[in-house]
Amino acid sequence: MDRKLKKEKLVIIFLGPQGSGKGTQAELLGKKLHMPVIEMGKLLRQASQINSVKGRKIKKIINEGKLLPLSETIDILKNEINKINLQKGFILDGFPRNLDQAKKIEKFKNKIVIYLSLSEKETLKRLGKRKTCSKCGKVFIDKRSLIKCSVCNGKLEQREDDKPSTIKKRLNLFRKSTKPVLEYYQKKNELININGEQSIDNVFKEILKKLGIGK
Ligand code: AP5
Ligand code: MG
């Protein structure tokens, strides 16, 4: 087992392009390790539902496929971290996305960063088939028969930012802003590379193997 897993205040970060399975794998690993998951995109989508000037501003930025300003993401992140038993640590999905954000979590010394790689072609294919629960945010692979969420019975929808033109903008931002974050963690020896192109089960197996955890 990776010696970092045994230490306190572990932070496991999932990074990867759009549709690489960050949310899917973070949920699986959270259950396996009994660690809470902080999903930045989901928290921001929840904040965007609030009918206020701030809520509308967040909605516009997300729907345009841009990144929220640093101060807004940090406020939301701090708020979530405050709810957590820090000794146990937590899993972060979709944060940090640029070097400014990475510097903000430098105080967490015990980090493992999991990078899920994926081709642009596969991103477009997966996000074209994704359905998300409008109530609880659970993610599904689209089937015609699938209308309601199996967890909370909420309505399943396509995310507003999952249109091909917006996906391309999000991918460009990933290349421009988030790729340097990968290099940053690589240099610090904190990065684990995973082939995100495999089935959900095989991606999870590779993660567990590289973390030194038995299934
Ligand atoms: P966010 O919601 O995080 O979007 P994202 O990074 O584009 O990633 P996705 O959620 O689209 O993909 P995923 O990797 O989680 O894949 P998933 O598991 O769903 O962020 C949205 C927006 O919020 C941003 O654009 C930005 O505006 C804002 N934001 C978020 N964080 C921010 C930050 N730190 N700073 C500033 N702004 C921020 O899988 C995709 C689909 O494929 C699903 O249907 C799934 O079932 C399926 N699938 C998963 N794995 C596999 C597999 N192995 N094989 C086949 N299908 C699979
Ligand atoms: Mg996600």
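First listed ligand is number 1; within each ligand, the first listed atom is number 1. Heavy-atom basis, side chains included; hydrogens, waters and symmetry copies ignored. The residues of the chain are indexed from 1 along the displayed sequence.
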Distance filter under 4.0 Å to Lys66 heavy atoms, resulting ligand 1 atoms:
26 (C), 27 (O)
Can you tell me the protein heavy atom closest to atom 12 (O) of ligand 1 and the distance?
Gly19 N, 2.9 Å
Show me which atoms of ligand 1 lie under 4.0 Å from any heavy atom of Val139.
19 (O), 43 (C), 44 (O), 45 (C), 46 (O)
Show me which atoms of ligand 1 lie under 4.0 Å from any heavy atom of Gly94.
31 (N), 32 (C), 33 (C), 34 (N)
Does the side chain of Leu124 come within less than 4.5 Å of Lys168's, by heavy atoms?
yes
Classify the contact between Pro96 and ligand 1 as side chain, backbone, both or neither, using a heavy-atom distance cut-off of under 4.0 Å.
neither
Donor-acceptor pair, distance only, cut-off 3.5 Å: does the side chain of Lys22 make one with the backbone of Gly16?
yes
May I ask you to check if Lys88 and Phe90 form a cation-pi contact, with NZ or CZ under 6.0 angstrom from the six-membered ring centre and within 45° of the axis?
no
What are the atoms of ligand 1, with element, lying closer than 4.0 Å to any heavy atom of Gln198?
52 (C), 53 (N), 54 (N)
Please compare Lys138, Arg170, Arg97 and report which has the shortest non-hydrogen distance to atom 20 (O) of ligand 1.
Arg97
Does Gly65 come within less than 4.0 Å of ligand 1, judged by its heavy atoms?
no
Could you tell me whether a side-chain N or O of Asn110 sits under 3.5 Å from a main-chain N or O of Lys4, the two making a donor and an acceptor?
yes
Phe14 near ligand 1, heavy-atom distance under 4.0 Å?
no
Under the side-chain contact (heavy atoms from CB on, under 4.5 Å) criterion, do Asp93 and Met40 qualify, and how do the steps go?
CA-CA 6 Å; Asp93 162 9; Met40 210 58 215; over 6 Å; no
Who's the nearest protein heavy-atom neighbour of atom 18 (O) of ligand 1, and how far?
Thr24 OG1, 2.5 Å
Tell me, do Ser177 and Leu99 make a side-chain contact under 4.5 Å, heavy atoms counted?
no
With a 4.5 Å heavy-atom cut-off, do Ser20 and Phe14 have their side chains touching?
no
Heavy-atom distances under 4.0 Å are what count here, so tell me which part of Phe140 touches ligand 1: side chain, backbone, both or neither.
backbone
Numbering as shown, the atoms of ligand 1 that approach Phe95 to under 4.0 Å (heavy-atom distance)
34 (N)
Non-hydrogen atoms of Gly16 versus ligand 1: any pair closer than 4.0 Å?
no
Please check whether Glu39 reaches ligand 1 - meaning an N/O of the residue sits under 3.5 Å from an N/O of the ligand, judged on distance alone.
no
What do you reckon, does Leu67 have a nitrogen or oxygen under 3.5 Å from a nitrogen or oxygen of ligand 1?
no
Using a 4.0 Å cut-off to any heavy atom of Thr73, which atoms of ligand 1 qualify?
33 (C), 35 (N), 36 (C)
Could you tell me if the side chain of Ile13 sits less than 4.5 Å from the side chain of Ile91, heavy atoms only?
no
Judged by modelled atom types alone, do Glu197 and Ser117 share a side-chain donor-acceptor pair under 3.5 Å?
no
What I want to know is whether Ser20 and ligand 1 share at least one N or O pair that is separated by under 3.5 angstrom.
yes
With atom 10 (O) of ligand 1 as the reference point, say which of Lys169, Arg159, Gln18 has the nearest heavy atom.
Arg159
With Asp142 as partner, the option from Lys131, Lys129, Arg130 fulfilling side-chain hydrogen bond (donor to acceptor under 3.5 Å, both in side chains) is Lys131
Consider every N or O of Ile62 and every N or O of ligand 1, then say whether any pair is closer than 3.5 Å.
no
If you define the side chain from C-beta out and look only at heavy atoms, does anything of Leu10 sit under 4.5 Å from Met35?
yes
Hey, does Leu118 have a side-chain heavy atom less than 4.5 Å from the side chain of Arg126?
yes
Given Glu197, Arg126, Lys22, identify the one with the heavy atom nearest to atom 54 (N) of ligand 1.
Arg126
Filtering Arg45, Glu72, Gln101 for the heavy atom nearest atom 35 (N) of ligand 1 leaves Gln101
Close side-chain approach of Ile61 to Leu44, heavy-atom, < 4.5 Å
no
Would you say Leu44 and ligand 1 have an N/O pair spaced under 3.5 Å apart?
no
